[in-house]
Amino acid sequence: MQKILLLSLLFFLSFSLQAKKIALIIAVGDYPASTGWSPISSANDVPLIKSALIKQGFTEEDITILLNSQATRDGIINALERLNETIEPGDIVVIHYSGHGQQIADDNGEEIDDKDEALVPYDAFVRPSYNYSGQNHIRDDELGKLITNFRNKLGKDGQLVMLLDSCHSGSATRGGKARGGAATFAPEGWEPNEKKTKAGSDMLETAQIKPDAAPFVLFSGASANELNYEYEGVGSLSYAFNKAMTELGSDFTYRQLYNKMAATMNVISPNQTPTLEGNPDYKIFKGEYVKQEPYHEILSLLRPDVIKIQAGKLQGIFEGTTVAVLPAGTTGLDRSKILATGTVKLAKFNEANIVLDKALPGSNEKEYWVFVDEKTYGDINLQVYLDASVAEKSISKDLEQFLTENSLGSLVSDSLQSSVIITGDQNGYTLNATNGQLKVDAVEASRGTAALDDLKQKLFNYAQGQYLKDLQMQNPDYEFSFRLLPVSYDPVMETFGELMEPSAFADANGTFSVLPGEDHVVLEVTNESDRELYFSIIEINSKGEINPFMPNDQCTLNDNERKLAPGQTMVFKDCIFSFGPPFEKLMLKGFASPSPINFKSTVQTRGGVTAGTANPLESFLANTYVKTRGGTGAATSGKVDGYATEFLYQIVETKE
């Protein structure tokens with residue numbers, strides 16, 4: 001009897017000492033008109049963050065939400081102080097802020113650029129007045145002290161994660177809706193030190209940290225000198241976080257999570273650089289994260305045989321996707337437990353309506369989980385806006401016909417709904433990514449009538465590249481990961497030496513950066529699954545142009561040399577990569593499948609494959625070169641099945 005009591009007591013103690021997961025979500029977008037701030041869509045970020053956290057074991061009662069008028073300066077500070085009173089050593093804490101950000105004149109002489117970074121609560125004003133001097137802004141140094149208090153209390157066994165979906169740049173913009181963008185908040189006549197800038201988000205201010213303080217990671221939507229744009233009515237960082245958390249692979253660290261988020265943001269806002277600061281090489285949630293199960297909860301029963309799920313194009317679910325409904329709590333798609341099957345008939349951004357083959361046995365939606373059976377792949381969908389500077393009226397009709405006939409997208413009348421903006425002048429046309437007006441490509445007017453055809457080809461390249469960058473295939477049977485590893489090089493002896501961790505080439509934002517003619521890397525690939533697999537990697541540049549990366553002309557590895565046994569890691573030391581201009585961000589997109597796969601010939605022939613011999617994934621890639629391909633890849637022979645992942649890097653002129 002005593003042994004039973006002792007075991008029960010030990011169980012109770014171990015359970016009570018288990019780390020809690022606690023979150024504070026702050027979203028302020030409906031600023032009072034009197035503040036001078038424009039409204040933004042911060043409230044839409046809340047369900048994205050909340051759902052991602054709940055799937056990671058956070059409970060409703062441990063997630064606090066401050067929305068709009070609740071998120072005054074006092075409201076935010078009081079919520080942070082209450083949170084600090086609640087936490088215990090070893091807990092995991094997530095703090096998310098969506099709202100405007102602004103640079104503000106430094107008030108203590110600690111900033112080399114004379115500017116503090118600040119969050120903008122509900123009751124903060126956009127510019128100084130006779131009775132407002134910035135007292136309601138929350139400055140970076142004040143935030144730094146609060147962060148320090150959290151870290152010291154959480155201790156070495158805890159974790160603190162912050163996400164700031166705001167920006168602080170005072171630059172002007174012609175692009176999409178930005179969070180921030182107002183001029184520096186400063187008194188009349190104030191002059192900053194324009195010759196000095198700070199890298200990263202510039203929000204990370206260190207105070208007195210104890211030796212055993214908790215590791216801390218800060219994700220920011222943009223670096224200090226950039227604007228942070230919204231995407232489809234949500235914050236770009238919030239969108240990228242939700243998407244990355246649904247695609248978690250094995251053994252994930254915060255650096256790998258950042259790479260996933262950065263890859264997504266490279267698609268939706270190519271000119272924007274999210275930042276990663278703090279201690280990024282710790283395991284997410286201390287390694288206790290839930291690897292995403294491929295299921296979705298039912299949002300509502302529209303009728304007994306029609307359901308709405310809280311997942312849509314955001315999660316890679318498009319019209320035609322087939323699903324299976326199983327009892328809630330089922331660990332996987334066990335076909336012996338299927339209650340009904342169905343097909344997606346309507347896919348929205350974060351919702352989908354599904355028609356089932358038969359009525360569900362009960363009306364309680366919480367009793368069911370929906371598993372994806374077989375995916376379809378969404379249309380290439382480029383939203384093009386013609387700027388008023390494009391004088392030729394005939395171009396509009398011509399481009400609309402081109403986009404429609406080739407299933408590439410459509411023209412839109414509102415620049416905020418666009419993904420690309422075409423401008424024109426006497427020199428020709430310029431293709432710009434909407435968010436930030438990043439120049440993607442240009443067409444010279446001197447090409448005469450061929451200029452429009454050239455513009456169409458560049459539109460197609462960009463559309464195809466963006467589609468492939470965003471493409472997700474997640475069969476866990478073929479999960480793999482890859483990364484570039486820096487390798488030392490002696491230019492005199494022309495010899496390569498020790499391998500280094502990727503962090504050796506990470507810039508202040510956390511992005512892997514290389515110098516032309518100086519830096520060298522090798523490829524490391526790991527099979528994270530328990531099955532044998534084959535892999536191939538392509539490179540997609542900022543224009544959307546695609547090139548083979550592994551294998552390529554200089555590194556012609558055959559199929560067997562790109563075959564990995566279960567759990568195997570290979571470093572391809574015989575293939576040394578170096579780099580050259582232009583200076584840009586590039587994405588490496590890797591694919592794995594159960595049969596040999598090689599995109600080299602497909603890419604080099606722009607879609608040409610040998611009939612009857614190609615892996616279905618090769619045929620699928622080839623199909624994206626066909627402008628009339630439609631959305632599902634139906635012309636591909638064989639089931640398109642495998643795993644896709646990516647690695648983002650940039651070629652730079654200099655390193656700080």
Side-chain angles (χ1 to χ4, degrees), residues 51-52 54-57 241-253 256-257 259-261 263-264 283-285 287-297 309 311 314-318 321-338 341 344 369-378 468 470-483 524-537 562-570 588-597 615-617 620 633 638-647:
S51 63
I54 286 177
K55 287 185 176 181
Q56 291 298 323
F241 177 74
N242 180 286
K243 191 170 186 291
M245 292 297 286
T246 65
E247 298 166 4
L248 288 179
S250 301
D251 212 27
F252 245 51
T253 65
Q256 290 169 300
L257 179 63
N259 288 335
K260 274 281 185 188
M261 294 166 64
T264 294
K283 298 289 178 63
I284 293 177
F285 302 147
E288 299 168 3
Y289 66 90
V290 180
K291 188 176 176 180
Q292 178 63 35
E293 293 287 336
Y295 76 90
H296 304 285
E297 296 180 352
I309 62 173
L314 171 65
Q315 292 82 14
I317 293 177
F318 302 96
T321 297
T322 59
V323 304
V325 183
L326 286 82
T330 308
T331 57
L333 207 171
D334 184 343
R335 297 195 177 276
S336 67
K337 298 180 180 179
I338 291 177
T341 60
V344 174
W369 281 356
V370 178
F371 290 79
V372 173
D373 186 11
E374 187 166 343
K375 296 182 69 172
T376 57
Y377 298 97
L468 290 173
D470 203 38
L471 178 66
Q472 293 300 321
M473 297 179 177
Q474 288 183 273
N475 187 333
D477 289 340
Y478 312 111
E479 181 188 343
F480 83 115
S481 61
F482 70 92
R483 58 181 184 167
E524 178 191 82
V525 185
T526 300
N527 182 351
E528 307 281 5
S529 75
D530 57 5
R531 296 191 183 188
E532 182 181 86
L533 59 79
Y534 298 83
F535 77 90
S536 186
I537 301 172
R562 288 177 290 103
K563 179 174 68 174
L564 296 178
Q568 182 182 11
T569 295
M570 289 184 65
L588 300 180
K589 191 81 178 190
F591 297 85
S593 76
S595 57
I597 177 173
N615 179 295
L617 272 175
F620 178 81
K639 183 179 179 181
V640 178
D641 195 17
Y643 193 90
T645 187
E646 56 279 310
F647 185 92

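Just so it is clear, the model here is predicted, and its values are computed rather than measured.
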- Task: Just say parallel, tilted or perpendicular for the rings of Trp369 and Tyr295, cut-offs at 30° and 60°.
- Result: parallel
- Ile317 and Ile309: side chain to side chain contact (heavy atoms under 4.5 Å, CB included), yes or no, with the steps? CA-CA 10 Å; Ile317 293 177; Ile309 62 173; 4.0 Å; yes
What distance separates [X] [atom1] from [Y] [atom2], expressed to the nearest 0.5 Å?
{"X": "Lys55", "Y": "Glu297", "atom1": "NZ", "atom2": "CD", "result": "7.0 Å"}
{"X": "Met261", "Y": "Lys243", "atom1": "CE", "atom2": "NZ", "result": "12.0 Å"}
{"X": "Asn259", "Y": "Thr264", "atom1": "CG", "atom2": "OG1", "result": "11.0 Å"}
{"X": "Ile537", "Y": "Phe647", "atom1": "CD1", "atom2": "CZ", "result": "10.5 Å"}
{"X": "Asn527", "Y": "Glu479", "atom1": "CG", "atom2": "CD", "result": "9.0 Å"}
{"X": "Ser595", "Y": "Glu532", "atom1": "OG", "atom2": "CD", "result": "11.0 Å"}

Would you say the side chain of [Y] lies within less than 4.5 Å of the side chain of [X], judging by non-hydrogen atoms?
{"X": "Leu326", "Y": "Asp334", "value": "yes"}
{"X": "Phe535", "Y": "Arg562", "value": "yes"}
{"X": "Met245", "Y": "Leu257", "value": "yes"}
{"X": "Pro594", "Y": "Tyr478", "value": "yes"}
{"X": "Leu533", "Y": "Tyr643", "value": "no"}
{"X": "His296", "Y": "Val323", "value": "no"}
{"X": "Leu468", "Y": "Glu646", "value": "no"}
{"X": "Met570", "Y": "Leu564", "value": "yes"}

- Message: Please give me the minimum heavy-atom distance between Ser529 and Pro476, naming the atom from each residue.
- Response: CB-O, 3.7 Å
- Query: Does a donor on one side chain and an acceptor on the other come within less than 3.5 Å for Glu524 and Thr569?
  - Reply: no
- Ignoring hydrogens and angles, state whether a donor on the side chain of Ser481 or Glu528 is under 3.5 Å from an acceptor on the partner side chain. yes
- Sequence neighbours excluded, which residues qualify as ring pair (Phe, Tyr, Trp, His ring centres under 6.0 Å) partners of Phe591? Phe599
- Starting from the C-alpha separation in whole Å, work towards a yes-or-no answer on side chain to side chain contact (heavy atoms under 4.5 Å, CB included) for Phe371 and Ile338. CA-CA 10 Å; Phe371 290 79; Ile338 291 177; over 6 Å; no
Any donor-acceptor pair under 3.5 Å linking the side chain of [X] with the backbone of [Y]?
{"X": "Glu247", "Y": "Ala244", "value": "no"}
{"X": "Arg531", "Y": "Ala565", "value": "no"}
{"X": "Lys260", "Y": "Thr645", "value": "no"}

- Task: Please determine if Asp470 and Lys589 form a salt bridge, counting it only when a charged side-chain N lies under 4.0 Å from a carboxylate O.
- Result: no
- Query: Between Thr321 and Glu374, does a side-chain hydrogen bond (donor to acceptor under 3.5 Å, both in side chains) hold up when you go through it step by step?
  - Reply: CA-CA 6 Å; Thr321 297; Glu374 187 166 343; over 6 Å; no
- Item | Ser51: partners by side chain to side chain contact (heavy atoms under 4.5 Å, CB included), with sequence neighbours left out | Asn242
- Task: Quick one: do Lys283 and Asp251 satisfy side chain to side chain contact (heavy atoms under 4.5 Å, CB included)? Show the steps, please.
- Result: CA-CA 7 Å; Lys283 298 289 178 63; Asp251 212 27; 2.8 Å; yes
- Could you check Gln56 against Leu248 for side chain to side chain contact (heavy atoms under 4.5 Å, CB included), going step by step and ending with a plain yes or no? CA-CA 11 Å; Gln56 291 298 323; Leu248 288 179; 3.7 Å; yes
